[in-house]
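Both counts, for ligands and for their atoms, begin at 1 and track the order of listing. Any value given below was found using the heavy atoms of this structure, including those in side chains, with hydrogens, waters and symmetry copies removed.
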Amino acid sequence: MNPKYLVFLLAASLQICSIAALTNSDDLTKLKALMDIWENLPPSWEGTDPCGDQWDGIKCINSRVTSITLSSMGLKGQMSGDITNLPELQILDLSYNKDLRGPLPASIGNLKKLKYLILVGCSFSGPIPNSVGSLQQLVYLSLNSNAFTGPIPPSIGNLSELYWLDLADNKLDGNIPVSTDTTPGLDMLVKTKHFHLGKNQLSGEIPSKLFSSDMTLIHVLFDSNKLTGSIPSTLALVQTLEVIRFDRNSLIGPVPSNLNVLTNVSELFLSNNGLTGPLPNLTGMSFLNYLDISNNSFDASDFPRWISTLQSLTTLMMEGTQLQGQIPPSFFSLANLQTVVLSNNRLNGTLDIGTINSDQLQLIDLQTNSISDYTPKPGQKQVDIILVNNPVCQETGVIASYCTVSRPNSSYVTLPNNCVPIPCRSNQISSPNCNCAYAYTGLLVFRAPSFSDLGNITIYISLQRSLMDSFRSNQLPVDSVSLSNPRKDLSEYLDLNLQVFPFDRDYFNQTIISQIGFVLSNQTFKPPKFFGPYYFIGDVYHYFAGEATRSNNSSNTGIIIGAVAGGSALLLLLVLAGLYAYRQKKRAERATEWNNPFAHWDSTKSSGAGFPQLKGARFFSFEELKKYTNNFSEANDIGSGGYGKVYRGVLPNGQLIAIKRAQQESLQGALEFKTEIELLSRVHHKNVVSLLGFCFERGEQMLIYEFVPNGSLNESLSGKSGIRLDWVRRLKIALGAARGLAYLHELANPPIIHRDIKTTNILLDERLNAKVADFGLSKPMSDTEKGHITTQVKGTMGYLDPEYYMTQQLTEKSDVYSFGVVMLELLTARKPIERGKYIVREVRMAMDRTKDLYNLHELLDPSIGLQTTLKGLDKFVDLAMECVKESGADRPIMGDVVKEIENILQLAGLNPNAESASTSASYEEAGKGSPRHPYSKDAFDYSGAFPPSKLEPQ
Ligand SMILES: *[C@@H]1O[C@H](CO)[C@@H](O)[C@H](O)[C@H]1NC(C)=O
Ligand SMILES: *[C@@H]1O[C@H](CO)[C@@H](O)[C@H](O)[C@H]1NC(C)=O
Ligand SMILES: *[C@@H]1O[C@H](CO)[C@@H](O)[C@H](O)[C@H]1NC(C)=O
Ligand SMILES: *[C@@H]1O[C@H](CO)[C@@H](O)[C@H](O)[C@H]1NC(C)=O
Ligand SMILES: *[C@@H]1O[C@H](CO)[C@@H](O)[C@H](O)[C@H]1NC(C)=O
């Protein structure tokens with residue numbers, strides 16, 4: 001064996017060993033010290049091994065504490081210097097703990113590895129220490145909604161990796177710092193996309209030096225401060241800008257005339273300042289949705305014509321802007337209009353609203369103008385027009401509806417999901433699925449939404465969906481979310497109440513609350529784009545044990561409920577204890593979650609040390625691949641997914657290849673990429689897709705596979721590929737896939753658990769032989785771990801082994817479960833979860849062994865060839881049901897699955913070892929163009945309910 005390969009393996013196994021080590025004793029001391037000063041730490045903070053014992057909110061790598069996330073815990077106390085002596089700390093999130101107060105210690109600058117400092121919605125006060133500027137790795141700094149005072153430390157300008165800067169909603173004063181010869185400033189933050197500095201007491205001018213064409217800002221929010229002077233024309237250099245809020249300051253002078261070059265801007269707020277000169281000419285800002293320039297001292301002017309050219313405009317706020325003359329009727333025909341506020345101007349003449357093209361137009365507010373006439377057109381769309389305080393309302397004797405103030409009121413609350421809400425005991429809330437539970441609650445605040453029609457429920461539904469998607473893709477056991485009471489606050493922020501409901505139980509534990517909190521505090525959750533920038537303020541969660549755990553105002557009711565609920569709580573405790581015992585005691589986070597696993601690889605010296613020596617796989621250069629794919633042309637793009645795109649290419653020798661090209665920014669993808677290379681280069685079997693090589697160059701990560709021409713099993717079963725699979729073909733495919741898996745489990749060295757077996761990951765070659773693909777989630781089984789690996793649950797809903805889901809213990813039997821689901825899919829051609837129905841349960845319920853075809857006629861895929869006799873179908877169903885047994889121990893191993901399928905094939909009169917027939921004779925092409933290719937990653941594409949275990953009968 002190549003010695004370099006040995007060294008590589010050795011290094012890899014050392015890393016695995018160190019995972020089991022106890023917590024570093026220095027780190028332990030620091031955490032213990034925290035326990036003395038903070039109240040309400042989670043009860044799991046006990047003992048001497050935070051890493052191994054999984055203290056809530058603590059994550060470790062190589063026995064060092066790397067992450068502390070404790071949002072919404074109700075922590076009480078001051079920020080301690082101890083926390084700043086955890087040298088490996090990368091993430092600190094203490095958000096939503098209203099009782100954390102006092103200053104941040106200057107020693108925070110010691111946390112040299114810190115990437116995320118998130119202290120949203122606490123009560124910290126005093127100045128932000130200048131030492132934050134020495135946190136060189138910081139990408140994310142969120143200190144908003146505290147009580148910080150003093151100036152913005154200029155040293156923040158040194159944070160060259162900073163992506164997110166949120167200091168909003170504090171009491172900061174002084175100027176916005178820019179660099180000088182001797183001091184740094186915010187103008188140096190060329191990687192930063194967000195300057196959220198609103199709701200402070202910042203003063204002085206917005207320095208023209210602040211903005212330059214090197215910057216990549218998308219959101220600049222300086223609203224509600226005391227800024228003076230004029231808007232610098234350098235703002236127009238920042239071409240990436242999308243949202244600008246300078247409103248509610250004391251800005252003066254004319255709006256720079258070059259502002260309209262910022263054509264990506266969708267929300268522009270300049271209202272409530274003392275801006276003078278002509279109205280800005282915003283011609284060309286074709287993505288502008290929301291324009292608010294109300295209450296300034298612009299020169300008197302007619303209603304500008306350019307406004308009627310802003311095709312994306314939803315909202316025009318021009319209250320008190322000295323407008324005069326008539327509004328051109330063409331303006332009201334803009335297709336996306338929702339709200340028009342032109343009150344307190346000198347608009348006169350007859351109001352003619354022409355033709356309304358927008359079915360979202362809700363309000364035209366023209367209060368306090370000089371409009372003398374208005375006649376609603378018959379059949380005109382229902383729009384609230386307000387003409388109070390205009391001559392037209394003063395002169396007519398009739399009280400017309402437009403002469404009263406009636407703003408459309410929008411109330412929204414998430415409706416129950418086809419169920420009847422039940423009364424809940426106090427502190428519990430009925431979820432959209434009509435379960436009573438202790439919800440996690442808080443306030444979602446959107447700082448600059450692109451819309452103003454708060455009555456359109458589709459926007460809330462899309463927000464609910466994206467929240468659920470985000471919780472699910474972060475593997476959080478959330479049943480549902482509810483939104484209610486949308487409202488604009490005085491600064492035009494949109495507030496929404498959010499409730500998050502636990503899945504399958506009626507409360508969340510500390511682990512989950514801190515993770516949900518982090519998804520929102522770190523902005524891992526991205527709402528649909530039209531919501532714009534947001535923040536979340538979570539309430540402290542009191543129900544970690546299923547009832548109020550800490551005395552709050554209503555502690556009396558808590559005791560009474562506690563007594564009533566005592567019996568069931570005891571039961572719950574027993575169940576929990578059982579689960580605990582079942583779990584492996586020592587578990588540590590696998591390393592390198594945050595690190596680029598290729599950091600030490602240098603592709604330019606591909607023969608040098610440190611470069612992995614891979615069996616049978618080689619390095620491809622970017623240039624080579626570019627050539628083979630015709631410059632990654634669209635014609636060669638054969639599939640895509642969360643991971644990136646898949647291209648087809650041709651090697652100089654004529655061999656077809658499939659290139660899986662990772663999206664650049666995905667760290668998770670990088671880890672999967674590395675896993676795949678290492679594992680795949682070691683596996684060689686005719687039922688496993690072979691890796692030919694990889695490319696790691698110019699920030700690209702690509703895997704080069706053999707090309708498997710007939711797409712995925714999923715495409716064939718769903719009819720997408722035009723390949724019809726009869727019963728015998730299905731048996732052969734099952735056999736091939738089972739052999740591939742059995743090889744991985746039993747013969748590969750080290751054995752490998754695939755972890756994402758599903759029909760989209762089983763590919764069919766030109767002879768319809770099955771090949772197992774996509775090792776992005778796979779894990780090698782290490783001998784030292786006694787038959788299972790404790791790991792974060794990953795996989796695809798519907799295929800996920802419920803035992804693994806419950807215990808987080810991964811064994812090869814989890815693949816067996818997924819394979820059982822694939823067998824059922826082979827029989828029925830149904831998705832594992834379709835319209836809330838779980839295939840395992842459906843088959844189990846319909847099945848009757850005394851009847852013909854086990855009584856499964858209704859469920860079987862018609863194209864299986866029901867008219868012919870399906871020899872061995874009963875045995876196949878029996879085998880599938882064995883594979884999906886509740887307990888892994890009761891499931892067969894893959895080797896036995898292979899043997900049984902071989903038996904079934906023999907029963908059907910076939911030689912299991914015969915090659916498949918060639919394609920031309922054996923299936924019909926649909927002729928709908930080439931099938932899309934399935935190498936793409938779509939793990940966790942939850943298409944239905946969550947998780948399958950819920951759908952299982954008890
Ligand atoms: C506004 O700007 C556009 C193009 O920049 C120009 O054609 C137009 O005449 C200007 N309108 C006014 C009123 O200045
Ligand atoms: C409306 O106001 C403009 C400018 O103030 C004036 O020139 C015009 O005569 C007025 N029109 C009517 C119909 O009052
Ligand atoms: C609601 O909003 C969606 C998305 O913005 C839009 O397509 C739809 O037309 C709106 N519906 C109504 C009734 O305004
Ligand atoms: C917290 O809850 C999740 C799921 O609800 C569970 O997987 C996890 O084991 C629980 N953690 C603890 C420490 O009980
Ligand atoms: C924080 O959120 C960003 C997206 O805003 C995401 O890329 C990143 O992975 C998250 N960080 C962690 C530690 O999950």
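A side-chain donor-acceptor contact under 3.5 Å links Asp56 to the backbone of Thr511.
Residue contacts with ligand 5 include Lys526, since one of its heavy atoms falls under 4.0 Å from the ligand.
Thr314 and Asn289 are not linked by any side-chain donor-acceptor pair at a separation below 3.5 angstrom, with hydrogens and angles left out of the test. A side-chain donor from one of Thr796 and Asp756 sits under 3.5 Å from a side-chain acceptor of the other. Using a 3.5 Å distance cut-off with no hydrogens or angles, the side chains of Thr350 and Asp352 do not pair a donor with an acceptor. Side-chain contact annotation: Gln464 with Thr414, donor-acceptor N/O pair under 3.5 Å present. Residues Arg487 and Asn497 have side chains that bring a donor and an acceptor to within less than 3.5 angstrom of each other. Side chains of Ser71 and Ser95: a donor-acceptor N/O pair is absent below 3.5 angstrom, by distance only.
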What does the N/O contact table under 3.5 Å look like for ligand 2?
residue: ligand 2; atom: 2 (O); partner: Asn348; partner atom: ND2; Å: 2.1
residue: ligand 2; atom: 11 (N); partner: Asn348; partner atom: ND2; Å: 2.9
residue: ligand 2; atom: 14 (O); partner: Asn348; partner atom: ND2; Å: 3.3

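Residue contacts with ligand 5 for Tyr116 involve side-chain atoms from C-beta outward but no N, CA, C or O (heavy atoms, distance under 4.0 Å). Under 4.0 angstrom from ligand 5, the non-hydrogen atoms of Phe518 all belong to its side chain.
Within ligand 5, counting atoms from 1 as listed, the ones closer than 4.0 Å to a heavy atom of Gln523 are 4 (C), 5 (O).
For the ring pair (Phe, Tyr, Trp, His ring centres under 6.0 Å) test, residues two or more places apart in sequence or in another chain that qualify with Tyr163 are His194.
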